[in-house]
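Structure, as structure tokens:
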Amino acid sequence: MAQNIVWHSHALNRAQRENANRHPALVIWFTGLSGSGKSTLAGVLEQALFSQGVKTYLLDGDNVRHGLCSDLSFSEIDRQENIRRIGEVAKLMVDAGLVVLTAFISPHRAERQKIRALMEEGQFIEVHVDTPLAICESRDPKGLYKKARAGELRNFTGIDAAYEAPEQPDVHLDGSQPVDSLIEKLLFVLKNRGILPA
């Protein structure tokens, strides 16, 4: 850590912001293979939460690489740094009182655990969008699987780079199921956790 840096406490805190927003702040972390449906589900869930007055923000993998992480490559070390930065941004947004939704492959358990460790108990909900590789490949919205199979794209998760599925995710979703039914399941979980009115 750099020298001569001191954390400054401010007059307003997360609890006050949560009180003003009328809901707890937390991170809903979607993880899964490319094409599993993470971004779609995160986007639909954000709309559902927003319509109920929940203050949200969605962090998506491609979007953050246009700015915050535009200096990073797709090497193993840079991918780890990408996730680390997202975790720190998500932590700040939680402190701001928001429900933060993220959609990142985040293939390594250790990295996801580090993000969970940044948050307080109950502030991190890991959602595993568990979609069979064959279905992800058939969707292939960016044509990445085709490039990986042709050898044009190296270290692609699910093809020549490992994806470590969560062993005990907070929410397990079968990504081959209809989006509406998966959103219903997510909303049920959030109601049970007091994020939404019962």
Side-chain angles (χ1 to χ4, degrees), residues 18 21-66 82-83 86-87 89-90 93-94 96-109 111-112 115-116 119 122-146 148 156-159 163-198:
E18 288 177 328
N21 291 342
R22 299 194 174 116
H23 62 76
L26 75 158
V27 175
I28 304 171
W29 189 278
F30 289 85
T31 178
L33 294 172
S34 178
S36 63
K38 300 180 303 298
S39 294
T40 297
L41 288 168
V44 175
L45 180 61
E46 185 186 33
Q47 290 179 328
L49 295 175
F50 185 80
S51 71
Q52 297 188 48
V54 177
K55 306 295 190 291
T56 65
Y57 196 83
L58 171 57
L59 293 168
D60 184 77
D62 283 352
N63 291 358
V64 298
R65 280 189 175 270
H66 277 91
N82 181 60
I83 296 302
I86 298 311
V89 168
M93 290 183 161
V94 166
L98 302 177
V99 170
V100 186
L101 303 95
T102 74
F104 298 89
I105 294 172
S106 49
H108 302 297
R109 292 187 195 106
E111 292 171 15
R112 298 190 302 267
I115 307 305
R116 186 187 291 274
M119 312 298 168
Q123 286 184 337
F124 184 89
I125 299 176
E126 183 180 51
V127 179
H128 180 204
V129 185
D130 189 3
T131 308
L133 178 61
I135 292 178
C136 294
E137 282 201 68
S138 70
R139 293 173 178 170
D140 203 10
K142 305 171 193 173
L144 300 178
Y145 284 103
K146 186 177 180 181
F156 188 72
T157 305
I159 302 300
Y163 175 75
E164 298 173 355
E167 294 176 327
Q168 292 183 309
D170 298 291
V171 182
H172 178 269
L173 300 177
D174 178 351
S176 65
Q177 297 299 307
V179 170
D180 288 350
S181 66
L182 298 179
I183 294 297
E184 280 183 23
K185 182 174 182 179
L186 287 166
L187 291 173
F188 179 79
V189 169
L190 295 176
K191 285 176 183 176
N192 280 349
R193 289 186 174 230
I195 311 303
L196 295 172

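Numbering of residues begins at 1 and proceeds along the displayed sequence. Side-chain atoms are counted along with the backbone in the values below, which use heavy atoms only and exclude waters and symmetry mates. Predicted model only: the values in this text are computed from it and were never measured.
H23 and I195 make their closest contact through CB-O, 3.8 Å (heavy atoms, listed as atom of the first residue, atom of the second, distance). For the residue pair S34 and L144, the shortest heavy atom distance occurs at OG-CD1, 4.3 Å.
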Discussion item. Working note: L196 + L187, criterion side-chain contact (heavy atoms from CB on, under 4.5 Å); need CA distance, chi angles, decisive distance, verdict.
Written reply: CA-CA 8 Å; L196 295 172; L187 291 173; 3.7 Å; yes
Worksheet entry | Full working for side-chain contact (heavy atoms from CB on, under 4.5 Å) between I86 and V64 | CA-CA 8 Å; I86 298 311; V64 298; 3.6 Å; yes
Fill in: Full working for side-chain contact (heavy atoms from CB on, under 4.5 Å) between I83 and R112
CA-CA 8 Å; I83 296 302; R112 298 190 302 267; over 6 Å; no
Discussion item. Between T102 and I28, does the side-chain contact (heavy atoms from CB on, under 4.5 Å) criterion hold? Intermediate values first, please.
Written reply: CA-CA 6 Å; T102 74; I28 304 171; over 6 Å; no
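For K38 (side chain) and G32 (main-chain N/O), a donor-acceptor pair under 3.5 Å exists by modelled atom type. Counting only distance, with no hydrogens or angles, the side chain of N21 and the backbone of G97 share a donor-acceptor pair below 3.5 Å. Not a single donor-acceptor pair under 3.5 Å links the side chain of E18 to the backbone N or O of P24. In this structure, D140 contributes its side chain and Y145 its backbone to a donor-acceptor pair below 3.5 Å. Judged purely by atom type and a 3.5 angstrom limit, R109 has no side-chain atom pairing as donor or acceptor with the backbone of P166.
Interatomic distance, T31 OG1 to H128 NE2, rounded to the nearest 0.5 Å: 6.0 Å. We find the CD-NE2 distance between E126 and H172 to be 11.0 Å, quoted to the nearest 0.5 Å. If you take CD on E46 and OG1 on T56, they are separated by 3.5 Å, rounding to the nearest 0.5 Å. A distance of 4.0 Å separates CZ in R65 from CG in N82, rounded to the nearest 0.5 Å. One finds the OG atom of S36 at 11.5 Å from the CG atom of D174 (value rounded to the nearest 0.5 Å). Distance check, rounded to the nearest 0.5 Å: CG of L58 to CG of D60 gives 6.0 Å.
With L45 as the partner, the side-chain contact (heavy atoms from CB on, under 4.5 Å) test is satisfied by one option alone out of T40, L182, L101, V179: L101. For the side-chain contact (heavy atoms from CB on, under 4.5 Å) test with R116, the passing option among V27, I125, D170 is D170; the others fail.
Atom CZ of R193 is surrounded by more than 12 heavy atoms from other residues, nucleotides or ligands within 6.0 Å.
Ring to ring, F104 and F30 are not that close: their centroids are 6.0 angstrom or more apart.
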